[in-house]
2 protein chains.
Amino acid sequence: MTIDDAPREALRGGPRELLRWVATGAAVSRADLSRLSGLSPSTVSQRVETLINQGLLEETGAGRSRGGRRPRQLAVPTGGAVVGAIDLGAHHARVGTLDLSGRVVQGRTLPVRIEDGPEQVLGALLAEVAALAAPSASTASGLVSSPTASTTADNAAGVLRGIGIGIPGPVQHATGRIVSPSRMPGWNGFDVAAFCAGRVDVPIIVDNDANLMALGAHRTAHSELDHAVYIKAGTGIGSGVISSGRLHRGAQGSAGDISHCRVVADPAPLCSCGNAGCLEAVASGAALVTALRDQGVPVSDLTGVIRLIDDGDRHATALARQAGRAIGEILAVVVNFFNPQVVAIGGRLADCEPLLASMRATLYERCLPLATQTLLIERVATSQDIGITGAAHLVIDHVVAAA
Amino acid sequence: MTIDDAPREALRGGPRELLRWVATGAAVSRADLSRLSGLSPSTVSQRVETLINQGLLEETGAGRSRGGRRPRQLAVPTGGAVVGAIDLGAHHARVGTLDLSGRVVQGRTLPVRIEDGPEQVLGALLAEVAALAAPSASTASGLVSSPTASTTADNAAGVLRGIGIGIPGPVQHATGRIVSPSRMPGWNGFDVAAFCAGRVDVPIIVDNDANLMALGAHRTAHSELDHAVYIKAGTGIGSGVISSGRLHRGAQGSAGDISHCRVVADPAPLCSCGNAGCLEAVASGAALVTALRDQGVPVSDLTGVIRLIDDGDRHATALARQAGRAIGEILAVVVNFFNPQVVAIGGRLADCEPLLASMRATLYERCLPLATQTLLIERVATSQDIGITGAAHLVIDHVVAAA
DNA sequence: CCGACTTGATTCGGTGATCGAAGAAAGTGG
DNA sequence: CCACTTTCTTCGATCACCGAATCAAGTCGG
């Protein structure tokens, strides 16, 4: 199943936005929605009715009065998981199920060996999603309450409506195919969407992991900002771009892939792509591990590196600073060029203070004053669920639009 | 008069697009428009009627039959200039009047001394536009014509509907104010829009010159492409960004300003901004002139430099190559990040072969294969009218939208 | 405990943009 | 001269949205 680009038209008061307002608690009643969306009460009522009929929204009794008639409270049905999400990482994958509002219902982190190849890895993860989404009764992991058996017809909650998948490498979003990934041996050219479509019979949406983080973070924290850039600095380095409120994928769907931009580095380290001085070879988690080992510091993985940095190890801290500068250099070009309202950094390296500080400094030094004068430079809310949240939003946008 | 952001909503078959199709000759009849826009014949007829009533379109007899009823030909009225445009450059300004289809009616190039300050420069240029737009009969140059008794209805052709102005420096588009320009002494903080609004009583739209070039080039040559980047390399260096078919200005309106991005250069030259190694200090026309003079080559201006390069002068050519590499380096980051369908270079340096060749090479070397695999790298159609064309489109979008 | 005022939600035309079908206008070609 | 094209208009039907009136269900002051 090939998915074309999904969320094109105006969200302005569209069903998705109403849903999100209810989900986030920004709106509780029809009147709230009317005020927020600017739509007339009648229109909102009508829209809400169709959402309720679709099983995407439900009425949950009356709320507290504010001096007049009590509002009829609205909520997103909690009748079970409805959207599946997989956020594949270098060593671990976060899988989960989320309700149609984008809230995580169940989430699990599984160890993953990328080198086992796509069939095996994706097969296992898909099975896990299916298990999570299956009528709970059985395992009772989180005791998913079945609240009032699926009342009505075909659109009852609890059905899996789609699966969003994030891949730590370049993905041609339109086709769902992986293209020349750096650190995913055996995955080149693999058609993720087609493979998954053969296993489960729901819409599959595949995207780059940084894009998912960007979407998740934007919808969660910056939904009112038009232009945003999110950097994901973990084992690898990627970025996701929000332009005019929407995920910018570019011509080939490879927008945001800054991992092989060249930066100045003292001994320019060789990158897995064959070039020297790639951002990824200087500033990624994998690069830090390699560099430390080369200096004779015994460190096993990124966690170890971060621990060293937190402990104030000289070598590790120096490397982190260099990494921050490198990211800042590239980001400076991006900020000048794109002039976003916010730049946020996520991933495991985002909690690394020296790196962040160097990045900020470089950014302020190298950017046009006009571009930084109101620029927010933030950390992405540190949560392991950002990725699957973004994945879910992608699926929800697709599903609700199609409804 | 402050102009807010203009062209927000769908152009899909909007009045502007119909107008443009007729103007470009892509459509001659209502039936053509219907086929092109996908709108139903009835809708098109209705829209065309209102456009005719507004004086933006007219019927010009019948065309040739294609086996059935002859089409009633449509055209943009040629009743005189209707939109003014000013493309201010470092040493010259191109001013002109264009009809509502974006075709140049009259164009003139005037020498300009930026250092005379905004009042004097803009005052003279505005007067020139007014003269061009005035009912032709009188030659009088100054004579800010009171656009006199509007002949027929309020919407007759021949009336000046607005003026678009391009500035070779950072412009806060929302306010029309200039912010810390490099090479415009005495212009910092000047409110162009307000100044002009005090002189003429039509909408004034101010933007960066690179943005105007981008808009002009995109509408002229790439209107079917969603994402495009245009580089303007002349005395200075700037760029304009088209995202999802629309001009991307970013948070502060400074998007595309890559002139002070740092690049590696052997003796990193000092930039007018005080930093060293800015792209503008390495690759702009002004930088080439300075560098050649420092090498003892007597050269007066950019024209001289280009002549030297064309003549195969070693020093000049080497500098051009270095400039091309520098632009390519920055552009590589931009292409990886933004993943456009096309990158086009304009400005006077665009005709410089060695520069272009180096830029292309660098781009292909440094970019993700996925990003360059279908990327078009072109020269912007070399015309002195690209800038004012873009300016006119900006005004037309604004005017037709308001109608 | 009763009315005046508030707030929340629905009902019911009304408007504007668009579509589709039908038909009128104006040709071409055998 | 008749069949068939192409172009354009006319005329409801539909859809989304709005606004005003109305209904529903409170609070609150006296």
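What's counted below: heavy atoms across the whole structure, side chains too, no hydrogens, waters or symmetry copies. Numbers restart at 1 for each chain; the letters A, B, ... are given by sequence-line order, proteins then strands.
Atom pair B:L33:CG and D:dC8:P shows a separation of 9 Å (rounding to whole Å applied). A:L57 places its CG atom 12 Å from the P atom of C:dA9, with the value rounded to the nearest Å. In this structure, CD of A:E49 is placed 13 Å from P of C:dC12, rounded to the nearest angstrom. One interatomic measurement links the two molecules: CG of A:L39 to C1' of D:dG19, which rounds to 14 Å at whole-angstrom precision. Atom-to-atom, CZ of A:R64 to P of D:dC28 comes out at 12 Å; the value is rounded to the nearest Å. The interatomic distance linking A:L74 (CG) with C:dG8 (P) rounds to 12 Å, in whole Å. Counting to the nearest Å, the C1' atom of D:dC8 and the CG atom of B:D32 are 13 Å from each other. Regarding A:I52, its CD1 atom lies at a distance of 11 Å from the P atom of C:dA9, rounded to whole Å.
Centroid-to-centroid, the aromatic rings of B:H222 and B:Y230 come within less than 6.0 Å. A distance of 6.0 Å or more separates the ring centres of A:H393 and A:H218.
For the pair A:R47 and D:dC17, the criterion of a side-chain N or O lying under 4.0 Å from OP1 or OP2 is met. When the side-chain nitrogen and oxygen atoms of B:S29 are compared with OP1 and OP2 of D:dC8, one or more of them lie within a distance under 4.0 Å.
Judged by distance alone with a 3.5 Å cut-off, a donor-acceptor contact links the side chain of A:S42 to the base of D:dG19.
Between B:D397 and B:R219 there is a salt bridge, since a side-chain N of the basic residue sits under 4.0 Å from a carboxylate O of the acidic one. Classification of A:R47 and A:E17 as a salt-bridged pair fails, no side-chain N sitting under 4.0 Å from a carboxylate O.
For A:R70 and A:Q46, each mapped to the nucleotide of DNA chain D holding its nearest heavy atom, the one lying further toward the 5' end belongs to A:Q46. Both A:P41 and A:R66 lie near DNA chain D, and the one whose nearest nucleotide falls closer to the 5' end is A:P41.
Using a 4.0 Å heavy-atom cutoff across all strands shown, A:S40 reaches at least one base atom of the nucleic acid. In this structure, A:P71 reaches the sugar-phosphate backbone alone: every heavy-atom distance under 4.0 Å involves primed, P, OP1 or OP2 atoms, never a base. Within the 4.0 angstrom heavy-atom criterion, only backbone atoms of the sugar-phosphate kind lie near B:R35; the bases stay farther away.
For B:T43, taking side-chain heavy atoms from C-beta onward, the closest of the listed nucleotides C:dT18, C:dA9, C:dT28 is C:dT18. The side chain of B:R69 has C:dA25 as its nearest neighbour among D:dC17, C:dT18, C:dA25.
Checking side-chain atoms of A:S37 against main-chain N and O of A:L33 turns up a donor-acceptor pair under 3.5 Å.
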